Enquirer: 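Structure incoming, see below.
Keep in mind the model is a prediction, meaning the values are calculated, not measured. Letters A, B, ... are given to chains in the order of the sequence lines, protein chains preceding strands, and every chain is numbered from 1.
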Protein chains: 2
Amino acid sequence: VIHLEHISKVYQMGTVQIHALRDVSLDILPNQYVAIMGSSGSGKSTLMNILGCLDSPSGGSYHLSGNDVSNMKDKELARIRNQEIGFVFQTFNLMPRSTALDNVALPLVYAGYSQKARRNKAKEVLESVGLGNRYNHKPNELSGGQRQRVAIARALVNHPSIILADEPTGNLDSTTSYEIMSLFDELHRQGNTIIVVTHEEDIANYAQSIVRLKDGNVESIEENTER
Amino acid sequence: VIHLEHISKVYQMGTVQIHALRDVSLDILPNQYVAIMGSSGSGKSTLMNILGCLDSPSGGSYHLSGNDVSNMKDKELARIRNQEIGFVFQTFNLMPRSTALDNVALPLVYAGYSQKARRNKAKEVLESVGLGNRYNHKPNELSGGQRQRVAIARALVNHPSIILADEPTGNLDSTTSYEIMSLFDELHRQGNTIIVVTHEEDIANYAQSIVRLKDGNVESIEENTER
Ligand SMILES: Nc1ncnc2c1ncn2[C@@H]1O[C@H](COP(=O)(O)OP(=O)(O)OP(=O)(O)O)[C@@H](O)[C@H]1O
Ligand SMILES: Nc1ncnc2c1ncn2[C@@H]1O[C@H](COP(=O)(O)OP(=O)(O)OP(=O)(O)O)[C@@H](O)[C@H]1O
Ligand SMILES: [Mg+2]
Ligand SMILES: [Mg+2]
């Protein structure tokens, strides 16, 4: 469902070029569960932004479900970002003046739900990440791990078939991490495609294969024999 | 050097009271290295904000180097926050329109350094966290782990004797985490007091003792026999 061919991403900083991604080719099948690892600055989030149709590469091609993403119109890209892909950002990106409930309900507005249906659906997803008693808190009235879970809930609320999670357990204790990874396991079991960036081997071991990035290139892809 | 007695912190949300901290009493000696653990929402960051003189408790008392913090004037509190305590925030809190260099140099402005001295000192500290080649990047031109390291560098630039680090390795791969924890070990060896909030047992094991919070209370304090 995901076909990347010779993807590169270069940032121009004055006279200096930063090669965030150099040459990444990757195939991810439907219902596959992939972990992406690599050192700080190796290009993981840059790769996730391209996969999530939030950024375009400098070179190479990205085919999603057989269609070339660079040929898609804005309206189709917006629909894909809202309905097909759920993105958990490394730095959460919550709306600071809205409650947890309103943050989670926002993707449902684009999907055309009524206000009552949005509130009920958003509350349900917040409960599934353990935040049933925090839904009327704004982000600055929540702990770091609670904000992270609001970001996770928002990514899942439209039942996307592709879940992109950038360090989803970075701020969570082991018990809460286990709850989130069990939730991802269930989503995988339901047929969805899951891609998780993590720096923790324990979290990577929930996936079927582990892609390791190094300096903007794919260093290795290992099958996880424990799954 | 740190003496907390029956500290509580309550937030009023409409008619509901949230007890972020219920009854925390704790003594931390000079040159002690303490790790704080506990589930998401158990009160760790709230405790750190009180320790860092960034927030005041609802009840109880906090004595720092023998002085009651609640009796201190604003000028003295500002001096302590700038010179005595280095704080690494869980969500970094960098200035978005300034470069890494300017973010790290800011505490040196209050400390009265010349511009040339500030730039040199800030570059030196950024190099010590592996960001020597990223100092003119703004936060949105940095990876998550790079932003985290800018926050760490900024906390250390004024050579504070008390370092409060809230999840300093949450976005770092194992090699980079090891570099940061080695840096903290060196600062500890130099006589400073280190308090680290972490959800990872590997990181907590660098400390001499581990304080575990649960629902706003201290559940246990264990000596780390491996140190
Ligand atoms: N301004 C606020 N208003 C209301 N409740 C708050 C506020 N700030 C924090 N809380 C609540 O206080 C509790 C403790 O928050 P705190 O940030 O200290 O947790 P934490 O242990 O650091 O969690 P994490 O590991 O997720 O970062 C949480 O349940 C949070 O929802
Ligand atoms: N807008 C930008 N301009 C210049 N350089 C950038 C920009 N965005 C990212 N970079 C650089 O590209 C590289 C890759 O960044 P990326 O965020 O993909 O890393 P990462 O693997 O996600 O790291 P981390 O584990 O720290 O989150 C980094 O070295 C970063 O400094
Ligand atoms: Mg990243
Ligand atoms: Mg916290």
Enquirer: Among A:Lys44, A:Arg149, A:Gln148, which residue has the highest count of heavy-atom pairs closer than 4.5 Å to chain B?
Expert: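 With the most close heavy-atom pairs to chain B, the winner is A:Arg149.
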Enquirer: Between A:Ser143 and B:Ser40, what is the shortest heavy-atom contact and its length?
Expert: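 Shortest heavy-atom contact: OG-OG, 3.6 Å.
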Enquirer: Taking side chain as everything from C-beta outward and backbone as N, CA, C, O, which of these in A:Glu201 sits under 4.5 Å from a heavy atom of chain B? Side chain, backbone, both or neither.
Expert: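 Neither part.
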Enquirer: What I'd like to find out is whether the side chain of B:Arg134 reaches to under 4.5 Å of the side chain of A:Ile18, using heavy atoms alone.
Expert: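 Yes, their side chains come closer than 4.5 Å.
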Enquirer: Identify which of A:Gln146, A:Met37, A:His137 forms the greatest number of heavy-atom pairs closer than 4.5 Å to chain B.
Expert: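 Top count of heavy-atom pairs under 4.5 Å with chain B: A:His137.
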Enquirer: May I ask you to name which of A:Asp202, A:Leu142, A:Asp173 has the most heavy-atom pairs under 4.5 Å with chain B?
Expert: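 The answer is A:Asp173.
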Enquirer: Picking from B:Gly170, B:Ser174, B:Gly43, which has the most non-hydrogen pairs under 4.5 angstrom with chain A?
Expert: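 Counting heavy-atom pairs under 4.5 Å, the top option is B:Gly170.
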Enquirer: Considering residues, nucleotides and ligands other than B:Asp74, do more than 12 of their heavy atoms fall under 6.0 Å from its CG?
Expert: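 No.
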Enquirer: Under 4.5 Å from any heavy atom of chain A, what part of B:Thr176 do you find: side chain, backbone, both or neither?
Expert: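 The side chain, not the backbone.
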Enquirer: Going by heavy atoms in the side chains, are A:Arg147 and B:Thr91 under 4.5 Å from each other?
Expert: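 Touching, per the 4.5 Å side-chain cut-off.
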Enquirer: Would you say A:Gln115 has more than 12 foreign heavy atoms packed within less than 6.0 Å of its CD?
Expert: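 Open.
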Enquirer: Applying the side-chain hydrogen bond (donor to acceptor under 3.5 Å, both in side chains) test to B:Asn171, which of A:Glu167, A:His199, A:Gln90 qualifies?
Expert: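 The option that passes is A:Gln90.
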Enquirer: So does A:Arg119 have more than 12 non-hydrogen atoms from other groups sitting under 6.0 Å from CZ?
Expert: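 Counting neighbours around CZ of A:Arg119, 12 or fewer heavy atoms of other residues, nucleotides or ligands fall under 6.0 Å, so no.
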Enquirer: Side chain, backbone, both or neither: which part of A:Thr169 has a non-hydrogen atom closer than 4.5 Å to chain B?
Expert: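 For A:Thr169, the contact with chain B is made by the backbone alone.
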